[in-house]
Participant: 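Please read through the structure below; I'll follow up with questions.
Every number for a ligand or one of its atoms is a count from 1 in the order of the listing. Here, residue 1 is the first one in the sequence, and each next residue gets the next number. Every heavy atom of this structure was used, including side-chain atoms; hydrogens, water molecules and symmetry mates were not. Bear in mind that the values here come from a model prediction, so they are computed numbers and not experimental data.
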Amino acid sequence: MSLLYRKQNQEILPGVHLIQDISTANSPMKYTSVKVLELDANSSYAETLGDFEAGIVVLAGKVTVTADQQRFEGIGQRQSVFDKIPTDSVYVGTGLPFSVTAQTAAKILIAYSPTTTSFPVRLLKGDIHQIEHRGKYQNKRLVQNILPDDLPFADKLLLVEVYTDSGNWSSYPPHRHDHDNLPTESLLEEIYYHEMQPKQGFVFQRVYTDDHSLDETMTVQNQDVVIVPKGYHPVGVPDGYDSYYLNIMAGPTRVWHFHNAPEHAWIIDRK
Ligand SMILES: O=C[C@H](O)[C@@H](O)[C@H](O)CC(=O)O
């Protein structure tokens, strides 16, 4: 079973192009699903959620989102993820209908997690994102938190975007969060939606468990998705290219407590 899902490009509605669609139907994931859509200007996508909550992230362009009688016009803060400007998102609670209409050519990511617990629809403006500059030496990365565990606005979903510049590593030193052992470690599945700049770039991502029963190293390309049902999941970015990924995490408890691989934890302690 590969953990790597290559980008597709299927016009599912007039002007609506499906880039990724990963769910329990075509993956081993139980808590997380994702769609990535590219919308031509003036095209629309609509859906009614079943027993799922959703986070709609405006990766690029400007859109209008309607959900549960609310309307959020002209949301989206950037033309490319590599503008490194925190963007806008909309949280939609379980069982509700929503629509997205593109005002400009746009790209959206819809993250889903199963739940019957209802939270209110909410606009998550980019300017509330908590920004972090993590790492040192060659593991520096910029983290823009979209829906972190200290924002009590969702039942299961956690959303974060990470920028890793040329020659650096992220999700590094390797960590896992696949043991339901709070407060030490939480069990969270994870989905990585990747983009590269320039687009022909690639990154290496390894997903592996302590016993190496799972140990897959992938060459990941622009708009590919890597799923992390369990295990450590470091990302290495070759010289000359910059990496972006958006992480969707969810599990039994909506808290991010991770465990660093002990043999690599020294990386953090360097002065
Ligand atoms: O577990 C979270 C994901 O691996 C990334 O969001 C990671 O934390 C990003 C990073 O710190 O490099």
Participant: Just checking, any donor-acceptor pair under 3.5 angstrom between side chains of Thr94 and Thr115?
Facilitator: no
Participant: Listed by chain and number, what are the salt bridge (Lys or Arg N to Asp or Glu O under 4.0 Å) partners of Arg176, not counting sequence neighbours?
Facilitator: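 For Arg176, the residues satisfying salt bridge (Lys or Arg N to Asp or Glu O under 4.0 Å) (neighbours in sequence not counted) are Asp178, Glu185, Asp210.
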Participant: What distance do Thr117 atom OG1 and Asp155 atom CG have between them, rounded to the nearest 0.5 Å?
Facilitator: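 Here the rounded value is 4.0 Å.
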Participant: For the residue pair Lys35 and Tyr112, confirm or rule out a side-chain donor-acceptor distance under 3.5 Å.
Facilitator: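 Result is yes, a qualifying pair exists.
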Participant: Residue by residue, ordered by chain and number, which ones reach under 4.0 Å of ligand 1 with a heavy atom?
Facilitator: Arg134, Arg141, Val160, Val162, Ser170, Ser171, His175, His177, Glu190, Tyr192, His233, Tyr245, Asn247, Met249, Trp256
Participant: Indicate whether any N or O donor in one side chain lies under 3.5 Å from an N or O acceptor in the other, for Asn247 and Glu190.
Facilitator: yes
Participant: So is Arg122 actually on top of Phe153's ring, under 6.0 Å and inside 45° of the axis?
Facilitator: yes
